[in-house]
Amino acid sequence: MRVMTCIEDMRLLARRRVPKMFFEYADRGSYAEETLRINRTDLERIKLRQRVLVDVARRDLRTTILGEPAALPIALAPIGLCGMQWGDGEILACRAAQAAGIPFCLSTMSICAIEDVAAAVAQPFWFQLYVMKDRGFVRALIERAIAAKCSALVLTADLQVLGQRHCDLRNGMTVPPELKLRNLIDIATKPAWAASVLRGKRKTFGNLAGHVRGMEDVHSLSQWIAGQFDPSLSWKDVEWIRDLWPGTLVLKGVTDVEDARRAAKTGAAALVVSNHGGRQLDGAVSSISALPKIVDAVGSDIEIMFDGGIRSGQDVMRALALGARSCMIGRAYLYGLGAGAQAGVARAIEILRNELDVTMALTGTRSIKEIGRQVLAEA
Ligand SMILES: Cc1cc2nc3c(=O)[nH]c(=O)nc-3n(C[C@H](O)[C@H](O)[C@H](O)COP(=O)(O)O)c2cc1C
């Protein structure tokens, strides 16, 4: 891999190495992408307070996430079709996360199945759940996550219906890609990607194929979601899931204080302040602007995680300063995966780590615990 100085370098390389339909699936957002953009611009607006002549010779980036030790306040977010950014992408990303000492969360809509990842990695990982109309299937998925010894279940609450992503329609994104001339030409110019996907264990949704009737004929994500995801999902179902899942439960996709109050009463160990990376409700507030209000309302009752727009260690610092205990990263690691497979994900994590470390030094903070609103220029 060439010299990668920042996540944007990895993004540019991933754009060259991954076919357009999958690169844009990862990179872009829903509708006019207002929320995708504001996730970034609101983060950039938050200014840090530079402190000098503080002894920062010893800095410690370790923390705990959901009660478990973590080398960094970062986890890899659940990503559908991760294995289409690079063959066996879920396994590669999970290995990179575990080598770096941070959690990895596998998506329901992954290419590698829960069992594939469990067989290929050394430690437990988290599983993210989407709730389908077929509750028998949902129950079976939870049982598979239990059998695979997943250490947390992350229930995603903000995707009962799919926000339209224009580029997926324009690109005719399907899994696996249809062998149309346009796609063949694109894939032919990405031989390393093509070889990785051909070598990969699976070419379609691993958690669903063979478990859901008719799934073999469904290639389009939007078609599958429209037909199978349950728009009637409600707080009552959280109780049902709570009863089925004996371990740590996380609720992902909360940006509203009222919802956060409700989430704090479900018995979940954590909630993730998230707008799905600007891929669902366009026009929604940025994740970072929602964070401090939720922390103030329920931060003492439930662990608060954050995602949306994190592209640097400085961004991680901003979220921690506003009260997040840890951050999930989505695109930041996906670009790494597309740019350089497992080593690319490892490099993306290392970049964020180094940036956070230097940011801590320059703001006069020595440990994650010390980070608070005092590091912000306008607290
Ligand atoms: C390509 C892509 C696929 C995603 N798939 C899922 C998914 O299957 N389940 C889920 O809960 N969130 C999914 N998300 C949302 C991420 O978990 C996370 O909330 C988001 O990426 C955070 O924003 P960031 O990419 O700016 O870091 C996806 C995000 C991206 C970019």
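Below, all heavy atoms of this structure are taken into account, side chains as well, without hydrogens, waters or symmetry copies. When a ligand or atom number is given, it counts from 1 through the structure's own listing order.
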Can R40 be said to touch ligand 1, with heavy atoms closer than 4.0 Å? no
Could you see if V295 belongs to whatever hydrophobic cluster contains I371? Use Ile, Leu, Val, Met, Phe, Trp, Tyr and a side-chain cutoff under 4.5 Å. yes
Could you tell me which atoms of ligand 1, counted from 1 in the order shown, lie closer than 4.0 angstrom to a heavy atom of Q128? 7 (C), 8 (O), 9 (N), 10 (C), 11 (O)
D357 bridged to R59 by N-O distance under 4.0 Å: yes
Judging by distance only, is a nitrogen or oxygen of I79 under 3.5 angstrom from one on ligand 1? no
Among all protein heavy atoms, pick out the one at the shortest distance from atom 8 (O) of ligand 1; state its residue, atom name and that distance to 0.1 Å. S107 OG, 2.7 Å
Heavy-atom contacts under 4.0 Å between R331 and ligand 1: side chain, backbone, both, or neither? both
List every atom of ligand 1 that sits less than 4.0 Å from any heavy atom of A26, numbering the atoms from 1 in the order shown and giving each element. 1 (C), 31 (C)
Over all heavy atoms of both residues, which pair between Q160 and D230 is shortest? Give the atoms and the distance, please. CG-O, 3.6 Å
Nearest option to atom 20 (C) of ligand 1, as decided by whichever heavy atom of G277, S110, G278, C105 sits closest: G277
After noting the C-alpha distance and the side-chain angles of L337 and C82, does the key distance pass the side-chain contact (heavy atoms from CB on, under 4.5 Å) rule? CA-CA 9 Å; L337 182 63; C82 189; 3.7 Å; yes
Using side chain to side chain donor-acceptor pair (under 3.5 Å) as the criterion, point out the one residue from K252, Q280, H276 that pairs with D158. H276
Would you kindly check if the NZ (Lys) or CZ (Arg) of R311 is within the cone defined by 45 degrees around the ring axis of Y335 and under 6.0 Å from the six-membered ring centre? no
Is there at least one pair of N or O atoms, one from R279 and one from ligand 1, spaced under 3.5 Å apart? no
When only distance counts, is I329 in polar contact with ligand 1, meaning an N/O pair under 3.5 Å? no
Can you sort out which atoms of ligand 1 are near R311, meaning under 4.0 Å from one of its heavy atoms? 24 (P), 26 (O), 27 (O)
Tell me whether the guanidinium CZ or amine NZ of R17 lies under 6.0 angstrom from the six-membered ring centre of W86 and within 45° of its axis. no
Distance under 4.0 Å to a non-hydrogen atom of L334: what atoms of ligand 1 satisfy this? 1 (C)
Before signing off on this row, confirm whether Y130 and ligand 1 have an N or O atom pair separated by under 3.5 Å. yes
Distance-only side-chain donor-acceptor flag, S110 / E90, under 3.5 Å: no
Using heavy-atom distances, let me know which of G309, A332, G330 sits nearest atom 21 (O) of ligand 1. G330
I'd like to check which ligand 1 atoms, numbered from 1 as shown, lie under 4.0 Å from a non-hydrogen atom of S274. 19 (O)
Pairing donors with acceptors under 3.5 angstrom, does anything connect the side chains of D307 and S274? yes
Which residue supplies the protein heavy atom nearest to atom 19 (O) of ligand 1, what is that atom called, and how far is it? D307 OD2, 2.7 Å
Top protein contact for atom 6 (C) of ligand 1, by heavy-atom distance: P78 O, 3.2 Å
Could you check atom 11 (O) of ligand 1 against the protein and tell me its nearest heavy-atom contact, residue, atom and distance included? T156 OG1, 2.6 Å
Which segment of N39 sits under 4.0 Å of ligand 1 when only heavy atoms are counted: neither
Could you tell me the residue and atom name of the protein heavy atom closest to atom 4 (C) of ligand 1, and the distance to it rounded to 0.1 Å? G80 N, 3.6 Å
Run the salt-bridge test on R262 and E258 with the 4.0 Å N-O cut-off and return the result as yes or no. no
Q128-S107 side chain donor-acceptor pair, cut-off 3.5 Å: yes
Which residue, R15, R11, K20, R331, forms the side chain to side chain donor-acceptor pair (under 3.5 Å) with D27? R11
Which residue holds the protein heavy atom closest to atom 12 (N) of ligand 1, what is that atom called, and what is the gap in Å? K252 NZ, 3.0 Å
